There are 2 protein chains.
Amino acid sequence: MAARMTRQRTAVVEALDEMADFRSAQQLHEALRARGESVGLATVYRALQALAEASEVDVLRAEDGESLYRRCARREHHHHLVCRMCGRTVEIDGPTVEAWASKVAAAQGFDDIEHTIELWGTCADCRAAAR
Amino acid sequence: MAARMTRQRTAVVEALDEMADFRSAQQLHEALRARGESVGLATVYRALQALAEASEVDVLRAEDGESLYRRCARREHHHHLVCRMCGRTVEIDGPTVEAWASKVAAAQGFDDIEHTIELWGTCADCRAAAR
DNA sequence: CCGATCTTTGACAACGGTTCTCAACAAGCG
DNA sequence: CGCTTGTTGAGAACCGTTGTCAAAGATCGG
């Protein structure tokens with residue numbers, strides 16, 4: 001039941017802290033390897049899974065189904081505006097939307113409501129670069 | 001470039017029409033097989049892919065990443081409230097949310113904005129059944 | 001009708017992200 | 001220290017999905 005602090009777990013958290021944007025488990029793994037910290041891929045997955053469960057990281061699914069992870073500034077519920085090219089992320093919240101979502105769902109007799117609201121776009125830098 | 005009308009494609013569309021809720025490609029395949037219509041799994045995937053491209057069906061990702069398909073009543077942009085237990089679906093739209101999404105994204109200098117807004121919950125029937 | 005043409009099909013292999021397996025390993029504790 | 005028990009990692013397994021390619025069939029000009 002513990003939750004031992006191992007070299008590997010520390011490394012994953014540190015790597016996440018250095019990355020501002022959403023990254024895949026494989027990208028994290030790659031980054032760790034590149035800096036000399038050898039950590040197994042399975043371990044990276046397990047660490048991310050644990051962190052996600054503890055709400056220490058946010059998870060979201062890319063359009064191709066891959067899971068992306070990010071250490072967000074705020075731990076409270078929020079959403080994201082993500083650049084689909086470079087992964088640049090802006091945290092956003094929309095109290096209006098939250099209210100709307102639960103009202104709509106409740107009106108239909110639904111319970112345990114959860115919502116997925118993510119915004120994808122192309123950030124100014126990537127738009128300029130693609131020119 | 002054609003788009004030939006084959007027995008298989010017709011079968012997939014018909015099966016979709018009979019299912020009110022979001023179903024996976026494999027469930028569709030299973031259903032077709034069960035009713036005697038033999039269609040290859042790859043063909044089901046291809047048909048769904050084509051239909052999705054033509055906006056004939058809506059696609060959404062289940063929490064485990066599996067793609068779910070549904071023939072929706074309206075072809076215009078809309079969202080869904082889905083029961084995570086039985087798949088029961090209610091089409092919803094939120095003009096307020098649409099406006100909010102594009103405003104927020106534009107304010108951050110993002111382009112080609114796209115949003116994912118889906119609501120998940122447990123419908124009244126499933127809640128009663130789970131008791 | 002009849003082929004010729006050219007898309008579609010389907011069984012199966014391949015793919016890619018993620019999870020499982022299990023023996024070797026190391027945190028934390030007394 | 002030793003022990004106990006959670007953790008690691010290399011590779012296999014998993015599973016939804018897509019690719020392969022020869023055979024089948026839809027469409028069309030004649």
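Just so we're on the same page: letters track the sequence lines, and every chain starts at 1. Just so it is clear, the model here is predicted, and its values are computed rather than measured.
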I'd like to know if the side chain of B/D21 reaches the main chain of B/T89, judged simply by a donor and an acceptor atom lying under 3.5 Å from each other, with no hydrogens or angles considered.
yes
At less than 4.0 Å, is any side-chain N or O atom of A/T6 found next to OP1 or OP2 of D/dT7? Yes or no.
no
Any donor-acceptor pair under 3.5 Å from A/R9 side chain to A/R4 backbone:
yes
Name every residue in residues 10-27 of chain A that has at least one heavy atom under 4.0 Å from any atom of DNA chain D, in order of residue number, or write none if there are no such residues.
none
Any B/Q8 side-chain nitrogen or oxygen under 4.0 Å from OP1 or OP2 of C/dT8:
no
Please report the distance, rounded to the nearest Å, between CG in A/D64 and C1' in D/dT17.
12 Å
Starting from P on D/dG9, measure out to CD on A/E37 and report it in whole angstrom.
10 Å
Main-chain N/O of B/D112 paired with A/R84 side-chain donor or acceptor, under 3.5 Å:
yes
Nearest-Å distance, NE2 (B/H29) to P (C/dA11)?
8 Å
Would you please confirm or rule out a distance under 4.0 Å between OP1 or OP2 of D/dT17 and any side-chain N or O of B/R61?
no
Does atom CD of A/E30 have more than 12 heavy-atom neighbours from other groups under 6.0 Å away?
no
Would you kindly give the CZ-to-C1' distance between B/R7 and C/dT8, to the nearest whole Å?
11 Å
Rounded interatomic separation in angstrom, taking CD from B/E53 and P from D/dT18
11 Å
Run through B/E66, B/H79, B/H80 and flag the one making a side chain to side chain contact (heavy atoms under 4.5 Å, CB included) with B/L60.
B/H80
Could you walk me through whether A/R70 and A/E91 pass the salt bridge (Lys or Arg N to Asp or Glu O under 4.0 Å) check?
CA-CA 11 Å; A/R70 178 175 194 260; A/E91 297 181 22; 2.9 Å; yes
Protein-nucleotides 19-25 of chain D N/O pairs under 3.5 Å:
| from | atom 1 | to | atom 2 | distance (Å) |
| --- | --- | --- | --- | --- |
| D/dG25 | N2 | B/R4 | NH1 | 2.6 |

Is B/S67 close enough to D/dT17 that one of its side-chain N or O atoms is under 4.0 Å from OP1 or OP2 there?
yes
Around atom CE of A/M19, are there more than 12 heavy atoms of other residues, nucleotides or ligands at under 6.0 Å?
yes
Send over the distance from A/R9 CZ to D/dG9 C1', rounded to a whole Å.
14 Å
OP1, OP2 of C/dT18 versus side-chain N and O of A/Y45: anything below 4.0 Å?
yes
In whole angstroms, how far is the P atom of C/dG17 from the CD atom of A/E30?
12 Å
5' precedence on DNA chain D between B/E66 and A/V39 (nearest-nucleotide basis):
A/V39
How long is the line joining CE of B/M5 and P of C/dT8, in whole Å?
11 Å
If every non-hydrogen atom of A/T122 is compared with every non-hydrogen atom of A/C83, which pair is closest and at what distance?
CA-SG, 4.0 Å
State whether the side chain of B/R23 and the backbone N or O of B/L16 hold a donor-acceptor pair below 3.5 Å, judged by distance alone.
no
